[in-house]
Amino acid sequence: MIPTVYLLISQKDKRSYLGSTNNLQKRLDEHNSGKCNSTRNRRPLKLIYEEKLETLNEARIREKYLKSRKGRKELKSIF
């Protein structure tokens, strides 16, 4: 299992969701099957960005950074 930070976009309302996990495929399945409250009403979701890290703790730290003002600017520069 590879710790990953990921960004999803809702094909319904074009809003994004940023998260981290150590099993990306399982997590994507959970999002798209409606098991996650935060994205249940925004399905279907499409993976648009993923970043692999060494540990789950590093992924959580990176997720927190990307949710900050500086991190959002970094994501906008990527897209």
Side-chain angles (χ1 to χ4, degrees):
M1 293 186 218
I2 301 170
T4 306
V5 174
Y6 61 94
L7 182 64
L8 304 175
I9 189 142
S10 168
Q11 295 179 325
K12 180 179 179 181
D13 63 9
K14 305 299 182 206
R15 294 187 64 198
S16 63
Y17 177 86
L18 182 68
S20 58
T21 185
N22 61 1
N23 188 338
L24 183 58
Q25 189 56 53
K26 178 182 174 190
R27 190 68 175 137
L28 289 174
D29 292 342
E30 290 172 353
H31 281 293
N32 279 312
S33 67
K35 292 181 181 175
C36 300
N37 290 334
S38 56
T39 58
R40 178 178 293 144
N41 296 322
R42 296 164 56 193
R43 295 178 290 161
L45 297 151
K46 181 180 176 185
L47 178 68
I48 60 169
Y49 178 74
E50 67 179 287
E51 185 176 326
K52 295 177 183 353
L53 293 128
E54 293 294 318
T55 67
L56 187 56
N57 188 49
E58 287 178 14
R60 302 269 190 236
I61 291 168
R62 182 71 174 153
E63 174 189 359
K64 187 174 181 179
Y65 169 75
L66 290 173
K67 287 180 176 178
S68 71
R69 171 179 268 180
K70 202 172 187 180
R72 285 192 307 267
K73 285 183 182 181
E74 184 179 321
L75 279 175
K76 283 184 180 182
S77 72
I78 292 170
F79 297 102

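To the nearest 0.5 Å, atom NZ of residue K46 and atom OG of residue S16 are 14.0 Å apart. Between Y6 atom OH and L24 atom CG the span is 7.5 Å, to the nearest 0.5 Å. Residue N32 holds its CG atom at 10.0 Å from CG of L47, rounded to the nearest 0.5 Å.
Remark: R43 engages no residue in a side-chain hydrogen bond (donor to acceptor under 3.5 Å, both in side chains) (not counting sequence neighbours). Looking at residues two or more places apart in sequence or on another chain, you find a side chain to side chain contact (heavy atoms under 4.5 Å, CB included) between T55 and N57, E58. Every residue two or more places apart in sequence or in another chain that forms a side chain to side chain contact (heavy atoms under 4.5 Å, CB included) with K52 is listed here: I2, T4, E50. With sequence neighbours excluded, the residues satisfying ring-ring contact (aromatic ring centres under 6.0 Å, His included) with Y17 are H31.
For residues 6-24, the salt bridge (Lys or Arg N to Asp or Glu O under 4.0 Å) pairs, not counting sequence neighbours, are D13-R42. Listed by first and then second residue, the salt bridge (Lys or Arg N to Asp or Glu O under 4.0 Å) pairs involving residues 68-79 are R62-E74 (not counting sequence neighbours). The ring-ring contact (aromatic ring centres under 6.0 Å, His included) analysis of residues 41-64, with sequence neighbours excluded, yields no pairs. Evaluation of the salt bridge (Lys or Arg N to Asp or Glu O under 4.0 Å) test over residues 18-30, restricted to residues two or more places apart or in two chains, returns R27-E30. Under the ring-ring contact (aromatic ring centres under 6.0 Å, His included) criterion, no residue pair touches residues 55-79, with sequence neighbours excluded.
Annotation: K64, atom NZ; neighbour count of heavy atoms from other residues, nucleotides and ligands within 6.0 Å does not exceed 12.
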Could you please spell out the steps behind the side chain to side chain contact (heavy atoms under 4.5 Å, CB included) verdict for L8 and L28?
-> CA-CA 9 Å; L8 304 175; L28 289 174; 3.3 Å; yes

Where do I9 and L45 land on the side chain to side chain contact (heavy atoms under 4.5 Å, CB included) test, with the steps shown first?
-> CA-CA 6 Å; I9 189 142; L45 297 151; over 6 Å; no

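E63 approaches G19 most closely through the heavy-atom pair OE2-CA, 3.6 Å. Between A59 and P3, the closest heavy-atom pair is CB-CB, 4.2 Å. The two residues L66 and E51 have their closest heavy-atom pair at CD1-OE1, 4.4 Å.
The cluster map of Ile, Leu, Val, Met, Phe, Trp and Tyr, joined by side-chain heavy atoms under 4.5 Å apart, puts I48 and L53 in the same cluster.
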